[in-house]
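Each remark here refers to the structure printed beneath this line.
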Amino acid sequence: MRLWLYYFKHAFESILGNRLIYFISTGTISISLLLFAAFVLISANFNNWAKSWEKSLSLSVYLENGTDAQEKDEIAKAIERVDGAEIKAFISKEKALKDLAETLGSQVGLLEGLTKNPLPASYEVIFRNRELSREELKNIKKSLEKVKGVDEVQYSEQWLERIEGFIYFSRILGLIVGGLLCLAVLFIVTNTIKLAIYARREEIEICKLVGATDWFVKIPFLLEGAIQGIFGALIALSVLFFSYSMFRVRTIQLFGLPVMDVTFLNAGQYVLVVFLGLTLGLLGSFVAIGRFFKF
Amino acid sequence: MIQLFRVSKYFGVIAALKDATIRIRKGEFVFVTGPSGAGKTTLLRLMFGAEKPTEGQILINGINLGRVGGSRLDFLRRQIGFVFQDFKLLHRRTVLQNVALASEVGGEKWTTTRKKTHQLLRAVGLTAKEHAYPLELSGGEQQRVAIARAMVNDPLILLADEPTGNLDPEITRDIMILFRSINLRGTTVVVATHNKELLRNTDQRVLFLQNGMIHE
Ligand SMILES: Nc1ncnc2c1ncn2[C@@H]1O[C@H](COP(=O)(O)OP(=O)(O)OP(=O)(O)O)[C@@H](O)[C@H]1O
Ligand SMILES: [Mg+2]
């Protein structure tokens, strides 16, 4: 306990005594972690966005011709029994035809020859607060198709595939870029700390000469690394938060895709960045000092 | 306490020490003398494990220096006080902290460290400068800090390399009395010096070094 007090005291004293070097290395850590945190922020937002696509997934439940009002209600009830499902709209045969006519535009003449309406009525179903796997969708489709009066249940397989592909891709890319960033940060931090230690090699040598154990010499350096890492992380988060506050746009809409909500890091991500700073600082000084002790 | 058996130390082709066999008993007070470059510092550094012999064996308090390393060597060093010819003080720490360091590395209780530190600073006459930094001190004052640090642990062995090189005759006498008193309490003392004055009226054992060769 008393020894730890000693370690902390000397760690702080040496940070104060070597202000310039520590300023530079803490700055380096901050900038590196800022890059990392910004990356986490952007990828987290993209991920949320991609998930909101999944929520925009809709299901069409087509009714058989000649379904009566009671059957229609039964179907609606069956749909609402599915967890998270919500009926967005009922599209009658007439409405379906009108919609089709609108989409056809100038080619509306194609419909003129029809004697009876060929389009089925349908329920448009969306899912709230629920992510669906392809398997679950298949099961929902099967069970709804068993309900009397339901002709067919359709969802866009392609749409789903594209969403899943995008999420998968962004995760892989996130892992690669995040991993590379971590390595780069570790490399930079190790080298800055190595410089700081190199500047004090005489001190280390003297401590060894008066019989200090390796750990006695190393622990203050490790603490210094940890302190720098935590400070660097806090600075990075503050700068990022400040920039986020300046950046006033909170929603982005691109190419008619679902709206992207821009949110800041959550508590878990804060902790992640601070923890990463701590780990990098510790690991950086550990590697740096380990190399030094071999000389 | 200290045994060298056929020890040689070469720096490239230069032989700093040649085929030295020395035996120093517990509680002895020994001077090592000889011209500059004779190998005095090398001999003391070998006894301290700061230099590895090219040939031969060194035993300190029954421990073979060639066979220990790491924490055992650290432990041994805490029992040996060394006054370096170039002092080796920490420039970022005060006089007090420099002397206390040698005690702190052994995990000594804080109160003991403080007591011993003050006691030794008084003995070398530096109480007034305890909060100064080494670079604010004269050469002789820095040397006395180095001496105080070497003695703060009540070492089994005190190795002093030219400990009075920067001191006036008055203080030199005080320091020699200090060495004699720690010697009387059982510490084995080895002092390297080319100060003929120190050797003039002494009945202590003297080792002469010339071109790395030992003559009693
Ligand atoms: N690290 C080293 N590298 C190369 N040569 C060395 C080294 N240390 C000592 N020497 C050489 O070994 C010889 C003995 O040096 P040493 O320092 O032991 O002499 P000394 O008796 O202490 O001299 P002085 O009285 O000037 O302190 C010298 O010739 C010196 O050049
Ligand atoms: Mg010398």
Side-chain angles (χ1 to χ4, degrees), chain A residues 1-26 193-225 227-228 285-286 289-295, chain B residues 44-45 48-51 60 68-94 97-114 133-135 142 145-146 148-153 155-159 161:
Chain A
M1 185 57 221
R2 202 187 51 76
L3 205 57
W4 280 97
L5 230 84
Y6 171 90
Y7 290 144
F8 267 106
K9 188 169 148 271
H10 280 292
F12 274 108
E13 270 176 11
S14 104
I15 286 177
L16 288 180
N18 298 277
R19 266 167 302 221
L20 185 65
I21 285 174
Y22 284 105
F23 180 75
I24 292 170
S25 56
T26 308
I193 293 179
K194 207 156 67 183
L195 271 182
I197 292 175
Y198 192 71
R200 290 162 58 198
R201 64 195 179 286
E202 210 181 351
E203 205 174 314
I204 294 174
E205 188 208 352
I206 292 172
C207 284
K208 288 300 292 172
L209 282 176
V210 298
T213 59
D214 287 359
W215 283 109
F216 186 90
V217 180
K218 280 179 186 176
I219 285 173
F221 281 105
L222 294 180
L223 282 178
E224 283 163 34
I227 292 167
Q228 281 175 277
S285 34
F286 191 78
I289 203 162
R291 282 191 203 164
F292 186 87
F293 268 81
K294 260 179 225 146
F295 288 120
Chain B
L44 262 57
R45 285 176 62 82
F48 187 58
E51 215 75 76
I60 304 293
V68 297
S71 56
R72 291 258 289 167
L73 184 62
D74 297 332
F75 180 72
L76 189 63
R77 279 187 182 168
R78 276 178 248 143
Q79 301 177 302
I80 304 177
F82 202 116
V83 182
F84 298 94
Q85 196 167 8
D86 54 354
F87 319 140
K88 297 213 185 294
L89 302 176
L90 295 171
H91 298 311
R92 285 182 218 281
R93 302 206 191 167
T94 62
Q97 290 170 336
N98 264 285
V99 176
L101 177 75
S103 175
E104 281 167 341
V105 298
E108 191 59 84
K109 275 213 297 289
W110 190 64
T111 46
T112 316
T113 297
R114 206 166 67 156
Y133 287 88
L135 293 180
Q142 290 183 39
V145 177
R149 184 182 63 188
M151 294 171 71
V152 78
N153 276 341
L156 277 175
I157 300 171
L158 178 67
L159 305 172
D161 193 359

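Within the 4.5 Å cutoff, the side chain of A:Leu209 has heavy atoms near those of the B:Phe48 side chain. Within the 4.5 Å cutoff, side-chain heavy atoms of B:Arg149 are placed close to those of A:Ile206. Put simply, the side chain of B:Asp74 reaches to within 4.5 Å of the side chain of A:Lys208, judged on heavy atoms.
Heavy atoms of B:Leu89 lying under 4.5 Å from chain A belong exclusively to its backbone. Only the side chain of B:Gln97 comes within contact range of chain A, with at least one heavy atom under 4.5 Å from a heavy atom of that chain.
Chosen from B:Phe82, B:Phe75, B:Phe84, the residue pairing most often with chain A at heavy-atom distances under 4.5 Å is B:Phe84. Note on B:Ile80, B:Leu73, B:Leu101, B:Asn153: by heavy-atom pairs under 4.5 Å with chain A, the leading option is B:Leu101.
Distance check: A:Glu203 CD to B:Arg93 CZ gives 5.5 Å after rounding to the nearest 0.5 Å.
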